[in-house]
There are 2 protein chains.
Amino acid sequence: MSPAADTRGRIVMAAMELFWAKGFNSTSIADILSRTQLNAGSLYHVFPGKQDVLIAVLEAYRDGIEENLLKPAWEGVDDPIERIFALLARYRWMILETDCTYGCPIGSLALELHEADPVVRDLLAVNFANWAGAIEQCLAAAGDRLPADTDRRALGEFVLTVMEGGVMQARTHRDVGYFDRGVDALRTHFDMLLARAARRPEPVQGD
Amino acid sequence: MSPAADTRGRIVMAAMELFWAKGFNSTSIADILSRTQLNAGSLYHVFPGKQDVLIAVLEAYRDGIEENLLKPAWEGVDDPIERIFALLARYRWMILETDCTYGCPIGSLALELHEADPVVRDLLAVNFANWAGAIEQCLAAAGDRLPADTDRRALGEFVLTVMEGGVMQARTHRDVGYFDRGVDALRTHFDMLLARAARRPEPVQGD
DNA sequence: GTCTATATGTTGATAGAC
DNA sequence: GTCTATCAACATATAGAC
């Protein structure tokens, strides 16, 4: 790996943590340099400006969702519906791990950057879409356990909504209970959907 | 009304709009002075610093929720369940009115301010709690139309979650559809709860 | 590619006359 | 209470030697 690639990687890693902990605007280039032990020249040799660091960070989230988020969350969980709640359990764990200061990095950036460049906004949107898309695949795998008229895309987005809203309220109140109650409500939602599908089974081919 | 009170009111109003449009960190004192046509001396005569302007803004949201948000949303809507969706419809209207750039001012500030002063955090929490509390009152008014074991506090928070998540995704994708699908899912949730309560009516006193 | 020094602008906040 | 002028700190980004 070339030295520049290493430098780039160190910057992206440090910026990822700093943007998550302090936000984009409150993170200075000096913060990134301090954490990476690099000099301004090195950073500006790799990135034209601060926004390009943000873009690289969002690309890293996009490219790492499978390996860094879904894979560890779904370790040993095969049932597609339970995978949804296993992912939410992982967020719960992160909330506890950070003393209820955890914020979803994508969600926080999405709300912090009010007049974001189209490239940045697209990357935020792609990150959301991939997250919800992963849930949607679980819902597809659940097949006819869900009612036939279930909008699986909408339900995937709904799970993302519950995560974001739960994380937001838990952080603001410094209390996981707000996240837990949201997940409980979502569990009730799924229970009712599954019960409805069980009461009115799908027409089987040949009926 | 004393001149200072007028000055204070103008600053709070301007800051409210600016924090909503640009965020707290990206709004400078100069922005506020420019919009209010005031000078630095006047602002710092009323407020010790920028954070105190934020506190005043959050207090204004807290004190205005009934008059500025709930009252207009519930004009002519009496059914407690429909009031919930009328409030969400008002958010939909704001999303459209802003070309899908609308962000909930409280939610945005809650995620932007990573290391907020306890006073600020409490005010954010109170704003959330009052919003969810207003929904909870609707749910209480719905009485036995909802299942007896329904956690009405949790469900009120859940409605807030759906609003925040829907607004967040709609803004990021610049597409109301994301908000609409979230509200639809919540409608399904309520329909299932109401149907469940109708199937298993509450034990009536004397049964 | 990396270093140091620095340009250039903006920030929140203050001083002191009126 | 309001005005103007200004401070000190910090921001992003650049220049040019090595």
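A note on names: the letters A, B, ... follow the listed sequences, proteins ahead of strands, and every chain is numbered from 1. Below, all heavy atoms of this structure are taken into account, side chains as well, without hydrogens, waters or symmetry copies.
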- Query: What integer distance in Å separates A:Asn25:CG from C:dT11:P?
  - Reply: 12 Å

- d(CZ, B:Arg8; C1', D:dG1) in whole Å: 16 Å

- Task: List the steps and the verdict of side chain to side chain contact (heavy atoms under 4.5 Å, CB included) for B:Met192 and A:Leu193.
- Result: CA-CA 8 Å; B:Met192 292 190 293; A:Leu193 285 177; 3.8 Å; yes

- Respond yes when some side-chain nitrogen or oxygen of A:Asn39 is under 4.0 Å from OP1 or OP2 of C:dT4, and no when none is. yes

- Message: Tell me whether the side-chain N/O atoms of B:Thr7 come closer than 4.0 Å to OP1 or OP2 in D:dG1.
- Response: no

- Note on the structure: Testing D:dT2, C:dC3, C:dA13 for proximity to the side chain of B:His45, the answer is D:dT2

- Query: Nearest to the side chain of A:Ser28 - C:dT2, D:dC3, D:dA11?
  - Reply: D:dA11

- Atom pair distance, as rounded to whole Å: CG in A:Asp31 and P in D:dA11: 7 Å

- Touch check for B:Ser26, heavy atoms < 4.0 angstrom, all strands: base, sugar-phosphate only, or nothing? nothing

- Query: Counting side-chain heavy atoms from C-beta on, which of C:dG12, C:dA5, D:dT12 comes nearest to A:Ile29?
  - Reply: D:dT12

- Would you mind checking if B:Arg181 and A:Asp151 are paired as a salt bridge, meaning a charged N to carboxylate O distance below 4.0 Å? no

- Nucleotide C:dA13, atom P - distance to CG of B:Leu54 in whole Å: 12 Å

- Measure from the side chain of A:Tyr44, starting at C-beta and using heavy atoms only, and say which of D:dT12, C:dA5, C:dT2 lies closest. D:dT12

- For B:Phe85, is the NZ or CZ atom of B:Arg187 found under 6.0 angstrom from the centre of its six-membered ring and inside 45 degrees of the ring axis? yes

- Compute both the distance and the angle, then confirm whether B:Arg153 meets the cation-pi test with A:Tyr178: under 6.0 Å from the six-membered ring centre, within 45 degrees of the axis. yes

- Would you kindly give the CD-to-P distance between B:Gln51 and C:dA13, to the nearest whole Å? 9 Å

- Message: Closest-nucleotide mapping onto DNA chain D: is B:Ser42 or A:Gly49 further toward the 5' terminus? I mean the 5' end.
- Response: B:Ser42

- Supply the atom-to-atom distance B:Phe179 CZ to B:Leu96 CG, rounded to the nearest 0.5 angstrom. 9.5 Å

- Message: What is the distance, to the nearest angstrom, from the CD1 atom on B:Ile11 to the P atom on D:dG1?
- Response: 12 Å

- Task: Using whole Å, report how far CG of B:Asp52 lies from C1' of C:dA13.
- Result: 12 Å

- What is the distance from CG of B:Leu33 to C1' of D:dA5, rounded to the nearest Å? 14 Å

